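Source: prediction; values computed, not measured. Along the sequence shown, residues are numbered consecutively beginning with 1.
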Amino acid sequence: MPGVKTNEREGTRAVLRGAGFPANKARVVLDLIRGLDVARARDVLTFSDRGAAEIIGKLLDSAVANAANNDNLDPEELFISACFADEGRTLKRG
């Protein structure tokens with residue numbers, strides 16, 4: 001049996017679908033916060049001048065709320081173990 005898939009990892013998740021920016025621009029912001037604790041990641045996103053940082057900050061807040069409400073975890077002890085951006089739909093132009 002192959003290894004654990006990315007979407008089957010243990011832990012709390014939050015998913016953003018249909019974002020209004022390309023995945024390569026989101027990946028730049030996600031690389032900044034990967035591995036940080038939540039408080040430090042919020043600071044990085046607040047002072048980032050990238051357009052995707054605001055939306056990713058809202059997604060981070062959603063993930064923290066999911067952890068607190070659904071999994072009864074302490075928000076102060078959370079960190080970002082994995083974050084990624086996959087390609088979405090391609091608009092057909094003609």
Side-chain angles (χ1 to χ4, degrees):
M1 182 169 174
V4 178
K5 294 181 181 177
T6 306
N7 60 355
E8 295 176 357
R9 290 184 180 165
E10 294 182 13
T12 305
R13 314 177 351 151
V15 179
L16 172 65
R17 298 188 192 276
F21 48 88
N24 59 351
K25 292 185 178 182
R27 286 186 195 114
V28 173
V29 176
L30 293 174
D31 289 341
L32 294 173
I33 63 170
R34 188 176 291 118
L36 299 178
D37 62 320
V38 173
R40 179 78 176 122
R42 279 191 183 132
D43 290 341
V44 169
L45 292 173
T46 301
F47 295 110
S48 176
D49 60 348
R50 296 281 182 162
E54 181 180 351
I55 296 173
I56 292 174
K58 290 180 183 180
L59 184 65
L60 177 63
D61 293 339
S62 176
V64 171
N66 290 343
N69 294 325
N70 299 342
D71 299 335
N72 297 325
L73 298 174
D74 184 19
E76 299 297 323
E77 297 177 2
L78 297 177
F79 68 98
I80 301 167
S81 63
C83 55
F84 56 91
D86 293 333
E87 293 293 330
R89 298 183 295 186
T90 302
L91 295 175
K92 293 183 179 179
R93 309 281 180 167

Quick one: closest heavy-atom pair of Asn72 and Asn69, and the distance? OD1-O, 3.9 Å
To the nearest 0.5 Å, tell me how far Ile56 CD1 sits from Ile33 CD1. 6.0 Å
Would you kindly confirm whether Leu45 and Ile55 end up in one hydrophobic cluster when ILVMFWY residues are joined by side chain heavy atoms under 4.5 Å apart? no
Residues Asp31 and Arg34 bridged, charged N to O under 4.0 Å: yes
Can you find a pair of side-chain heavy atoms, one from Val38 and one from Arg42, that are under 4.5 Å apart? yes
Is any side-chain N of the basic residue among Glu87 and Arg27 closer than 4.0 Å to the acidic one's carboxylate O? yes
Rounded distance (nearest 0.5 Å) linking atom CZ of Arg40 with atom CG of Leu32: 10.0 Å
Is the shortest side-chain heavy-atom distance between Arg93 and Leu91 below 4.5 Å? yes
For Asn66 and Thr12, does a side-chain donor sit closer than 3.5 Å to a side-chain acceptor? no
Exercise: identify the closest heavy-atom pair between Ala23 and Ala85: O-CB, 4.0 Å
Please report the interatomic distance CZ(Arg13) to CG(Asn70), rounded to the nearest 0.5 Å. 12.5 Å
Taking all atoms of both residues into account, what is the closest heavy-atom pair of Leu78 and Ala67, and its distance? CD1-CB, 3.6 Å
Is a side-chain N or O of Ser48 found less than 3.5 angstrom from the main chain of Val44, in a donor-acceptor match? no
Hey, quick one: are Val64 and Leu59 part of the same hydrophobic cluster, counting side-chain heavy atoms closer than 4.5 Å, chains of contacts allowed? no
For Asp37, enumerate each residue passing the side chain to side chain donor-acceptor pair (under 3.5 Å) test, keeping only those at least two apart in sequence or located in another chain. none
Walk me through whether Leu60 and Ile80 qualify under side-chain contact (heavy atoms from CB on, under 4.5 Å). CA-CA 9 Å; Leu60 177 63; Ile80 301 167; 3.9 Å; yes
So how far is it from Glu54 CD to Phe21 CZ, rounded to the nearest 0.5 Å? 10.0 Å
